[in-house]
Every structure is written in structure tokens, then in C-alpha cells.
Amino acid sequence: MTSTAILAQHVRRTSLAKRHPAILMGSLGVLAIVLSFYSLSVGATDVSMGDVFNAVIGNTSDQAAQIVVQFQLPRVLLAWLVGIALAVSGGVMQGVIRNPLAAPDVVGVTKGAGFAGMLLLLAIPGIPVFAVVPAAFVGGLVAAALVYLLAYRRGATPVRIALVGIAVSAAFEAGIRFLLVRNPLDVSAALIWLTGSLFGRSMSSVLQILPWVLVLVPLIVIWARKLDVLGLGDDLAAGLGEPVEKTRRVLLLFAVALASAAVAVSGTIGFVGLIAPHMARRVFGGRHLASIPSAALFGVLLMLFADMIGRGLAPPLEIPAGLVTAVVGGPYFLYLLVKTGK
Amino acid sequence: MRLQAQGVQLAYDQKVIAQDLTLTIPDGKVSVLIGPNGSGKSTALRALARLLPPAKGSVILDGKSIQDTPTKEVARLLAILPQVLVTPESISVEDLVWFGRHPHRTSLKVPSQADKETVEWAMEVTSTAELRHQHVDQLSGGQRQRVWIALCLAQGTDLILLDEPTTYLDVAYQLEVLDLLHQLNQEQGKTVAMVLHDFNMAAEYADHVFVMKSGSLVTQGTPEDVFTCDTIRDVFGVESKVVPHPVSGKPMCIPLRAGLRAQLLGCA
């Protein structure tokens, strides 16, 4: 093939998704919905997808299906909300810091939020669960501030931020382990905080994270053009009338809040916030109006897959979703690290 | 005059770059800031564009301190093209030029007819309209710089500041860019102020030249006034012969190598 033919093919391939982002995004959404119903129907008891659908819309008297839905529905809803929160958080961070390695787990926010959430639950045993998200948010902010202070010496390269972030994460993870040793929880609770899982979550978890996603994600999408403008570099962005520092701070605050809300309900699930925005940019290009919503959809798909694989690999044993995302995400992160470091 | 610096001190962190700098950008003219590396010319331009707040003194735009004017309002009055430009991945020419409308748009509003017309006009005058669907990263250096200038034009301002718009470009592309800026000044009445490092290009295209050295303004005026071999020696540390350009008649500085300096006595 001649180089022009290759180029032409490249242009066609990239512009297909860019010219019809709505169609492609719609198909991803449909895929996520179908997968959700499938996810509801697989598990300890076998129920058909049709029964599940009827049970969800309340149009059945089949008790088995009702029970399955009652137990699995919060879990599937959480896969959506956590996937969206982590992916949008990562997409914003990658855009704002202009760093392909940025993600809530890479910059330490995830483990910081996990540590703070766990600390609160152990310190004040009777505390209402709704307090966990704000506590996690504080922890996430502290971790982000630490990474910022340690990594910034006259600017920070992407790899430097990642390395400092990993160190800060490790420190907070040590904190989580310490809390676990001092206050033996049951194994599944420990797993949730260490690797992240959707196991045994109830509707109350869904309600904890829902308002954060409902408020922050639309705000971020409305601000998509500001994210694009920040991508032009600080000087040009300021020249175009964008108050760069202020916008950047507000957006990072949103990103930390989203990731912390996810951690508060599902523990420290890694790599979704890193990978989903990358997939979105690959397919839909770098404009945030397309890449943020599509990252959210990829985040949902990743969470649904991770949760289903975790449940289906060795039933009745549960492999936490966070472990699945780590197995897939770890190598991908290494690949990015090598590529970016060059 | 719309844009001026009044006794500004410019510093990065604690390091003072320019001391007590006062200059006025002449309206409707092409001005060039020139000087050796580290003379503070880019720093001065950044201060004029509100990118660097002065430690002392103030930059005045339309009679108001630029620091007290919201950044969005400034962006509707003057456009700045920085030296280092980040091209977003696989973005089309038209999409990039649209960024110039950012200061005129709010987050939820759809683009207006005026927005569309201004973007079209900006691409027409920069001859980038026929490239509109091409990816910016596939263009030649000169074409790409024309697209960035189109973005500035789409801001719809009469004042355009540019930081070394010809650096890293082959000479043909340098001429392409400077010809375009000259044309924008002549035909559209734009005030152009830019940093250049080549004195012959500056002499050829500038109406007014600011010569800077170690953070101060050494001299200013028409190219004929400022480009003397004394100034070139004083500012750039080069012996040269200044002769009229054979075609344009503008001053041309020809630097002399060591062996020739002895033959030239003083500024003959």
C-alpha cells in the first residue's frame, strides 16, 4: 500500500468515529445496557435475561427473578456509577494536567480516599454511611496535595508525577493495611478497601454516590470546551480569556470528588480511571465534549466486565473487581509508562 | 495609544528580568521588539498581553490597568500568539480556528451567526479556508503558523501580539508568515506587535522597532533610526556594516567576521 493510501485509510478510520460520535456512543450505551441485564442474570442461580427484565420493570411474580434482581441490581447500578465516576475523573485529570499517565489511582487520590474513609468508619463506629464520601474526599484531596507538593519542582514531568503518586499511594495503602491489622474486619470488607469490589453492596451505596455523579458529570461535560482550551497550553488558554489557574483548580476538585465518591462505595478500584479515557481518546479523538462522555461509557463497560469476570471465573468464589482491573490495567500502565518516558 | 507599559518591573519568582520598562505600542502599525537572548523582549510581550503580572508599574489597555480587567474582556481586545504552541492531537484546521471564538462564547450557548462569519473570515484572509478539513499536524510549518494566526484573528481583536512567530521556520515560511502579518496590517488595519530575533526581517517589515538589552529599552524608532552599526555593536556585540537594502532601501545589517573587522574603521 502506498503511503497516501495508508494516510487516506487513517483519515477515514479516525473520522468515522469523529463524524458520527453519537451513533458510536449510542452503540456503546446499548452494549452497556445489554451487558447489565446479562450481568443481572448470571450468578449463583440461573435466571433468564427475559425474566430479569420483567423483574426490573416490576412485571413478574417470579420470585427467583425478584430475589436475583434485589441482590444484583445495586451491584450493576454501582458498576455504572463507579465506572462513570472513575473514568470521568481520569479524563479530567489527563486533560487538566496534560499528562497521559494521570488518573485518580496514579496520583494517589484513590488510596488517600480509601484510607480516610476507612479511618472514619473505624474511629466512629456508628457514623452514618453518608459521611464516608466527604471523608474520602478529604483524604483524596490530601493525597493529591501531597503529590503536587512532592512532584513539583519547577514543573513536573508526567513520569515524575506518576512515580511520586505511586509512592504516596503505597504510603496510604500501608495505612489501610495497618488499620486492617489493628481492627480485624471480615475478609470481604478488607478486600473491598484494599483492592475494591462491588460485592455485597446495597441500594444505600448507590444513593451515596448517585448525587455526586448526577451533579458533577454534567457540569464537567458543560465545561468540555474549557478543558479543550486548557489543552492549548497555559499562555494561549489565558490569551483566549480562560482564567487558567482557577479553571484548573475547580476541575481538579471535581475530579478528586468523583474518584473519592467511587472509593467510598466500592473501595480502591484501580486503572479504570486511567484506561477508560485512553480508550475514549483513541476512538473519539481528543475533544472533551466527545471524549468525556465516551470515557464514562468505557468506564461502565470495564466495571461490568471486571465484576462479571470476578463473579464468573471460579464460582461460588468471588474475585474482587479491583483485582480484575489490576490484572488488565497493570500491564497497560507499564506500556504507557515506557511510551511516555521516552 | 491603546496599549502601553508604564514603568513596569518584570520578574519570574524572585529573578528580575526587566527594570522600569516604559513603552507604547503604536496603533495601526507593525512594531517589533528585538534584542539578544535574555534581553526580556518575550517577557515584555507577555506582560503586555496580561500573561505576566508586573511586579511594579502597570500595563494600560484602553486607559485601564490590564491586571484589573477580567481576562475574558482582555481576550476580546487583544490576541496573543505564544511562541510555544501545543497542537491538539488530530484536530482539523477549522476546529482549531474556532478556539478563537472562546472569549465570545459561554458554555451552554450554541455558536452564533457572528461566530461562524468571523471564523470564515479569519480563514479567508489567512488563505487557510481550503485547508479547513485537513489535520493541523499534517500541514507545512508555514501553513500551520497561518492557521494559528487565523485563530488569533477569529478573536476579532484589533491588537495582535506574537512571540517569535517565525522561529524554527524555514526562510520561505518566515516570509510567508511576515507577509501575511504585513497584509493584515495594511488591509485590515490590525495593530501588530511581535518579538523577532532577526534584525534584517525586523528592518524589512517593522514600522516601529523597540531594541532591548538586559531588560531595558535601549532605543526605539523607525528601522532607519535604530539600526545603526553602533546600536548593533552595543546590543548584539557584533561588528557589522549597515547598508541600504538593494531593493527595498531599508537598512540591512551585515555582520562581519574577524578578518574583515580590521578593514572597517569605525562605523564607515
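Labels below follow one simple rule: chain letters A, B, ... track the order of the sequence lines, proteins then strands, and each chain is numbered from 1. Just so we're clear, the structure is a prediction, and the values are computed from it rather than from any experiment.
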Original post:
Hey, are the side chains of B:Phe99 and A:Leu236 touching, using non-hydrogen atoms and a 4.5 Å cut-off?
Top reply: no

**OP:** Enumerate by number any residue of residues 61-77 of chain B whose heavy atoms lie under 4.5 Å from heavy atoms of chain A; in the absence of such residues, state 'none'.
**Re:** B:Thr71, B:Lys72, B:Ala75

Original post:
Is A:Arg225 reaching over with its side chain to a backbone N or O of B:Thr106, donor-acceptor style, under 3.5 angstrom?
Top reply: yes

Original post:
Which residue out of B:His102, B:Arg50, B:Arg101, B:Gln83 racks up the most heavy-atom pairs below 4.5 Å with chain A?
Top reply: B:His102

Subject >> Interatomic spacing from CD in B:Glu89 to CZ in A:Arg287 - rounded to 0.5 Å >> reply: 13.0 Å

Subject >> Atom pair OG/CZ of B:Ser90 and A:Arg281 - distance to nearest 0.5 Å >> reply: 11.0 Å

Subject >> Choice from B:Val84, B:Val86, B:Leu85 maximising heavy atom contacts with chain A below 4.5 Å >> reply: B:Val86

Subject >> Heavy-atom proximity to chain B below 4.5 Å, by part of A:Asp228 >> reply: both

**OP:** Using a cut-off of 6.0 Å, state whether more than 12 heavy atoms not belonging to A:Leu163 lie near its atom CG.
**Re:** yes

Original post:
Which bit of B:Leu51 is near chain A, if near means a heavy-atom gap under 4.5 Å: side chain, backbone, both or neither?
Top reply: side chain

Original post:
Under 3.5 Å, is there a donor-acceptor pair between the side chain of B:Gln155 and the main chain of A:Gly239?
Top reply: yes

**OP:** Measure the shortest side-chain to side-chain distance between B:Leu96 and A:Leu232 over non-hydrogen atoms and say whether it is less than 4.5 angstrom.
**Re:** yes

Subject >> Contacting region of B:Leu161 [heavy-atom separation from chain A under 4.5 Å] >> reply: neither

Original post:
Can you name the nearest heavy-atom pair linking A:Leu240 to B:Pro103, along with the distance?
Top reply: O-CD, 3.4 Å

Original post:
Of all the residues in residues 212-224 of chain A, which have a heavy atom that comes within less than 4.5 Å of a heavy atom in chain B?
Top reply: A:Ile222, A:Trp223

